[in-house]
Amino acid sequence: MPDRPATPLLDRVRFPADLRNFSNDQLKQVADELRAETISAVSVTGGHLGASLGVVELTVAIHAVFETPRDRLIWDVGHQCYPHKILTGRRDRIRTLRTGGGLSGFTKRSESEYDPFGAAHSSTSISAGLGMAVARDLQGRDNHVVAVIGDGSMSAGMAYEAMNNAGSLKSNLIVILNDNDMSIAPPVGAMSAYLSRTISSRPFLSVRDFMAKMAKAFPGPIKRAAERADEYARGLLTGGTLFEELGFYYVGPVDGHNLDHLLPVLRNLRDSGHQGPFLLHAVTQKGKGYAPAEASADKYHGVVKFNVVTGEQMKPPPGPPSYQKVFAQSLIAEAEQDESIVAINAAMPSGTSLDMFAKRFPKRCFDVGIAEQHAVTFAAGMATEGMKPFCAIYSTFLQRGYDQVVHDVALQHLPVRFAMDRAGLVGADGATHAGSFDIAYLGCLPGFTLMAPADEIELAHMIATMAGIEDGPSGVRYPRGEGFGFEPVPARGTPIPIGKGRVMREGTKIAILSYGTRLQECLKAADELATYGLSTTVADARFAKPLDTDLINRLAREHEVLITIEEGSVNGFGGLVMQHLAVNGLLDRGLKLRPMVLPDIYIDHDTPKKQYDLARLNAPHIVQTALAALGKEALAVPATA
């Protein structure tokens with residue numbers, strides 16, 4: 001483990017209240033030490049480093065000025081919250097980030113009273129903060145509510161819906177726009193800092209409010225002219241006209257790394273007495289203060305363990321290709337043969353590997369920002385004009401566009417193709433990013449074709465299959481990370497028959513029907529069941545819709561036990577199979593049906609192996625399930641979980 005940095009002042013901070021005894025110069029030293037401690041911790045655990053380094057000074061300033069946790073502090077997404085966790089009583093556990101039983105990589109209500117709202121999906125902070133502010137007002141309390149949101153999260157419509165509502169309700173709310181896409185240059189210099197301090201001061205606010213009240217007494221044309229003059233004067237000075245139009249009092253831009261600028265402005269906002277929402281525009285630099293992160297194209301957004309001195313990430317030796325890479329390569333192969341194929345993602349080009357597609361076809365790849373609802377309907381619009389859109393969105397993020405999937409795509413039978421990345425459990429990102437529900441929430445929609453590959457070769461074939469589906473929407477789900485190393489992965493997939501599974505191993509007593517990448521665990525389970533003298537069939541369903549009813553009927557008729565297994569929640573693939581068997585009377589002859597699904601809990605961050613042990617979806621659990629169905633529980637070797 002690397003040597004920890006010397007942090008004499010930070011060592012005196014157990015909770016944020018300790019910061020309020022420090023001078024401005026001491027707070028600057030705390031920020032420097034906090035940055036060093038964050039780098040040291042993430043070098044051990046991996047995680048979201050760049051975003052956290054960008055908010056070090058902002059974190060110190062907020063906690064020094066406001067009385068958290070009485071004053072509520074909400075971090076949008078939460079991937080920038082590591083410095084916040086260090087300052088809020090969790091420093092002794094910071095090197096357990098994203099590990100089993102350790103700290104979450106995001107804010108989490110059950111973890112600390114300093115995390116008043118859990119997050120990991122973007123653009124929720126202003127809505128949640130407004131809800132807290134209105135609840136405060138109704139309960140007669142006087143605490144502050146501060147929401148910190150990044151410029152990327154501002155690309156989602158939800159943020160503007162919340163701002164529009166906040167502007168009309170006039171509740172006291174402070175929104176800090178953490179803008180790390182704007183260069184720290186003259187606009188954020190001394191003049192801007194001076195103006196920000198001035199316009200956020202109580203005297204300025206009092207005069208402005210007085211003039212606003214005076215203007216209301218003028219005749220209509222004069223009143224409107226006065227309002228426009230005020231709006232545009234402030235817009236020219238500060239660039240805040242858009243936020244002013246939404247009903248916010250705009251302050252900024254200020255240098256988010258300069259405590260001499262941040263502290264007086266935050267104190268002014270705290271003490272203003274102004275009735276209504278503020279927006280403070282703070283310009284920051286992602287990866288600030290750590291040269292390797294500043295020099296990196298992605299500013300070390302997400303890192304594995306690394307060498308603090310060199311910045312070199314300790315990546316494992318190359319293994320099998322990731323599912324994301326196979327998806328992108330297979331889509332490129334299809335697009336080379338079909339000019340109507342386009343790709344769409346919602347601010348995740350590298351996460352979905354569509355950055356590879358964009359390099360090959362820059363005019364046919366669209367990153368629409370953090371706007372899943374728009375992405376889905378944008379794809380639907382393209383489909384109406386004869387294009388073939390592939391919409392690559394993580395399973396957990398597609399939940400945000402569900403109404404659009406139902407109303408704009410499925411109801412109109414439009415051939416939008418959904419590539420649902422991060423299906424199943426996802427390791428260190430935990431419950432917020434797990435793709436647990438897409439089989440259930442899409443499986444109930446009429447006309448959808450749904451498939452899941454058992455391995456990376458099957459994924460290539462399924463991309464080719466989806467390219468040929470023209471009569472309605474389709475979706476393929478696949479997990480995070482590397483495939484199994486099966487070779488060769490074809491340069492271009494071959495379409496497979498719609499709604500047809502495949503039998504991988506024939507048996508007579510037990511049938512295991514797998515949907516997705518648990519297939520290898522099913523084959524291991526069949527090997528172990530053979531040692532008990534139990535002949536086992538293993539089949540790969542390939543499709544959840546349409547079901548391979550011929551295959552299911554045969555498995556039900558020819559076996560005593562039928563086990564379905566999937567990396568999804570209840571009411572998914574197993575539910576569809578059960579419905580078919582029940583409606584067709586195939587449960588009336590004594591068939592022992594056992595669906596294996598993710599348990600009815602949220603599974604926290606850990607290694608995928610341990611997560612699937614907890615979910616009881618690994619080979620030993622399949623064996624136990626089969627033996628229990630036959631009344632042979634006593635024979636089973638205890639599973640690891």
**Student:** Any side-chain heavy atom of L425 within less than 4.5 Å of one from P608?
**Tutor:** no
**Student:** Mark yes or no for whether S155, through its side chain, and G369, through its backbone, hold a donor-acceptor pair below 3.5 Å.
**Tutor:** no
**Student:** Looking only at atom types and distance, does a side-chain atom of D76 sit under 3.5 Å from a main-chain N or O of S125, one as donor and one as acceptor?
**Tutor:**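 Checked: pair present.
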**Student:** Can you see which heavy atom on A539 is nearest to which on L519, and at what distance?
**Tutor:**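 Heavy-atom minimum between the residues: O-CD1, 4.2 Å.
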**Student:** Can H301 and K286 be counted as having a side-chain donor-acceptor contact under 3.5 angstrom?
**Tutor:** yes
**Student:** Apply side chain to side chain donor-acceptor pair (under 3.5 Å) to E339 and list each qualifying residue two or more places apart in sequence or on a separate chain.
**Tutor:**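 Partners of E339 by the side chain to side chain donor-acceptor pair (under 3.5 Å) criterion come out as none, since no residue qualifies.
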**Student:** More than 12 foreign heavy atoms under 6.0 Å from CD of Q412: is that the case here?
**Tutor:** yes
**Student:** Given I622 and M596, is the side chain to side chain contact (heavy atoms under 4.5 Å, CB included) satisfied, shown in steps?
**Tutor:** CA-CA 8 Å; I622 302 171; M596 296 184 71; 4.0 Å; yes
**Student:** Is the shortest side-chain heavy-atom distance between I563 and L513 below 4.5 Å?
**Tutor:**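 Side-chain contact under 4.5 Å: no.
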**Student:** Can T517 and E567 be counted as having a side-chain donor-acceptor contact under 3.5 angstrom?
**Tutor:** yes
**Student:** Check whether any side-chain N or O of S535 sits under 3.5 Å from a backbone N or O of T508 as a donor-acceptor pair, and report yes or no.
**Tutor:**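 Yes.
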**Student:** List the steps and the verdict of side chain to side chain contact (heavy atoms under 4.5 Å, CB included) for L177 and F243.
**Tutor:** CA-CA 11 Å; L177 172 58; F243 302 110; 4.0 Å; yes
**Student:** Which heavy atom of P490 sits nearest a heavy atom of G493, and at what distance?
**Tutor:**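 The pair with the smallest heavy-atom distance is CG-CA, 4.2 Å.
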**Student:** With sequence neighbours left out, write down each residue that passes salt bridge (Lys or Arg N to Asp or Glu O under 4.0 Å) with D606, or none if nothing qualifies.
**Tutor:**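 Salt bridge (Lys or Arg N to Asp or Glu O under 4.0 Å) list for D606, sorted by chain: empty.
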**Student:** Are the side chain of E521 and the backbone N or O of A619 linked by a donor-acceptor pair below 3.5 Å?
**Tutor:** yes
**Student:** Any idea which heavy atoms bring A119 and F106 closest together, and the distance?
**Tutor:** O-CB, 3.0 Å
**Student:** Are a donor atom and an acceptor atom from the side chains of R480 and Q324 found within less than 3.5 Å of each other?
**Tutor:**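 No, no side-chain donor-acceptor pair sits under 3.5 Å.
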**Student:** Verify, without hydrogens or angle tests, whether N584 (side chain) and H580 (backbone) share a donor-acceptor contact under 3.5 angstrom.
**Tutor:**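 Between the backbone of H580 and the side chain of N584 there is a qualifying donor-acceptor contact (under 3.5 Å).
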**Student:** Are T607 and Q611 close enough that some pair of their side-chain heavy atoms sits under 4.5 Å apart?
**Tutor:** no
**Student:** Sort and list the pairs that fulfil ring pair (Phe, Tyr, Trp, His ring centres under 6.0 Å) and have at least one residue in residues 377-405, not counting sequence neighbours.
**Tutor:** H121-F397, F366-F378, H374-F378, Y394-F397, F397-H433, Y402-Y441
**Student:** I need the full list of ring pair (Phe, Tyr, Trp, His ring centres under 6.0 Å) pairs touching residues 316-346, with sequence neighbours left out, sorted by first then second residue.
**Tutor:**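 Residue pairs with at least one partner in residues 316-346: F327-Y478.
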**Student:** Carefully, step by step, assess E334 and D338 under the rule side chain to side chain contact (heavy atoms under 4.5 Å, CB included).
**Tutor:** CA-CA 6 Å; E334 295 299 321; D338 188 341; 5.9 Å; no
**Student:** Looking at L555, is its backbone amide N or carbonyl O close enough to the side chain of R557 to form a donor-acceptor pair, meaning the two atoms are under 3.5 Å apart?
**Tutor:** no
**Student:** Supply the atom-to-atom distance L630 CG to R594 CZ, rounded to the nearest 0.5 angstrom.
**Tutor:**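 Output value for this atom pair is 9.0 Å.
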**Student:** Under 4.0 Å between a side-chain nitrogen and a carboxylate oxygen: does that hold for R422 and D429?
**Tutor:** no
**Student:** Is there a donor-acceptor pair under 3.5 Å between the side chain of K545 and the backbone N or O of L445?
**Tutor:**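 Side chain of K545 to backbone of L445, a donor-acceptor pair under 3.5 Å: yes, one is there.
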**Student:** More than 12 heavy atoms of other residues, nucleotides or ligands under 6.0 Å from CZ of F484: yes or no?
**Tutor:**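 More than 12 heavy atoms, drawn from other residues, nucleotides or ligands, come within 6.0 Å of this atom.
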**Student:** Can any side-chain N or O of E385 pair as donor or acceptor with the backbone N or O of A383 at less than 3.5 Å?
**Tutor:**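 Between the backbone of A383 and the side chain of E385 there is no qualifying donor-acceptor contact (under 3.5 Å).
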**Student:** Enumerate, atom names and distances included, each donor-acceptor pair closer than 3.5 Å involving a side-chain atom of residues 460-475, sequence neighbours excluded.
**Tutor:**
from, atom 1, to, atom 2, distance (Å)
H461, ND1, T494, N, 3.0
T465, OG1, H461, O, 2.8
T465, OG1, I496, N, 3.0
E470, OE2, K388, NZ, 3.1

**Student:** Any non-hydrogen side-chain atom of K108 less than 4.5 Å from a side-chain atom of F117?
**Tutor:** no
**Student:** Less than 4.0 angstrom from a charged side-chain N to a carboxylate O is my criterion; do R477 and D421 meet it?
**Tutor:**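 Not counted as a salt bridge, because no side-chain N and carboxylate O are separated by less than 4.0 Å.
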**Student:** If you count the non-hydrogen atoms of other residues, nucleotides and ligands that lie under 6.0 Å from NZ in K325, is the total more than 12?
**Tutor:**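 At most 12 heavy atoms, drawn from other residues, nucleotides or ligands, come within 6.0 Å of this atom.
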**Student:** Do Q373 and M158 make a side-chain contact, defined as non-hydrogen atoms from C-beta onward lying under 4.5 Å apart?
**Tutor:** no
**Student:** So how far is it from L398 CG to Q404 CD, rounded to the nearest 0.5 Å?
**Tutor:** 10.0 Å
**Student:** Would you indicate whether the side-chain heavy atoms of L581 and M578 approach each other to under 4.5 Å?
**Tutor:**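 With C-beta onward as the side chain, the pair stays apart.
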**Student:** Nearest 0.5 angstrom please: I341 CD1 to F361 CZ, how far?
**Tutor:** 8.5 Å
**Student:** Please report the shortest heavy-atom distance between S395 and D438, naming the atom on each side.
**Tutor:**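 Looking at all heavy atoms of both residues, the shortest contact is OG-OD1, 2.7 Å.
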**Student:** Please determine if R554 and D548 form a salt bridge, counting it only when a charged side-chain N lies under 4.0 Å from a carboxylate O.
**Tutor:**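 So R554 does not pair with D548 through a salt bridge.
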**Student:** So which heavy atom on G401 is nearest to which on V376, and how close?
**Tutor:**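 Of all heavy-atom pairs spanning G401 and V376, the closest is O-CG2, 4.3 Å.
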**Student:** Is any side-chain heavy atom of Y515 less than 4.5 Å from a side-chain heavy atom of L450?
**Tutor:** yes
**Student:** Between A434 and V426, what is the shortest heavy-atom contact and its length?
**Tutor:**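 In terms of heavy atoms, the two residues are closest at N-CG2, 3.8 Å.
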**Student:** For the pair E566 and R518, find out whether any cationic side-chain nitrogen is under 4.0 Å from an anionic carboxylate oxygen.
**Tutor:**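 A salt bridge is absent here (no side-chain N lies under 4.0 Å from a carboxylate O).
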**Student:** Nearest 0.5 Å please: distance from the CD atom of E456 over to the OG atom of S330.
**Tutor:** 10.5 Å
**Student:** Any side-chain donor-acceptor pair under 3.5 Å between T537 and H559?
**Tutor:** yes
**Student:** Is there a side-chain contact between P546 and I498 in this structure, where contact means two heavy atoms from C-beta onward sitting under 4.5 Å apart?
**Tutor:** yes
**Student:** Is there a donor-acceptor pair under 3.5 Å between the side chain of S569 and the backbone N or O of D600?
**Tutor:**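 No; judged by distance alone, with no hydrogens or angles, the pair does not exist.
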**Student:** I would like to know whether D540 and S514 meet side-chain hydrogen bond (donor to acceptor under 3.5 Å, both in side chains); could you show each step before the answer?
**Tutor:** CA-CA 5 Å; D540 176 15; S514 173; 5.3 Å; no
**Student:** Could you go through the side chain to side chain contact (heavy atoms under 4.5 Å, CB included) check for C391 and M420 one step at a time?
**Tutor:** CA-CA 8 Å; C391 200; M420 292 170 287; over 6 Å; no
**Student:** Measuring from I149:CD1 to N178:CG, what's the distance to the nearest 0.5 Å?
**Tutor:** 10.0 Å
**Student:** Distance check, rounded to the nearest 0.5 Å: I370 atom CD1 versus S153 atom OG?
**Tutor:**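 Here the rounded value is 4.5 Å.
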**Student:** Could you note down all residue pairs passing side chain to side chain donor-acceptor pair (under 3.5 Å) where residues 343-367 supplies at least one of them, sequence neighbours left out?
**Tutor:**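 As it turns out, the side chain to side chain donor-acceptor pair (under 3.5 Å) pairs with a partner in residues 343-367, which skip direct neighbours, are E336-R360.
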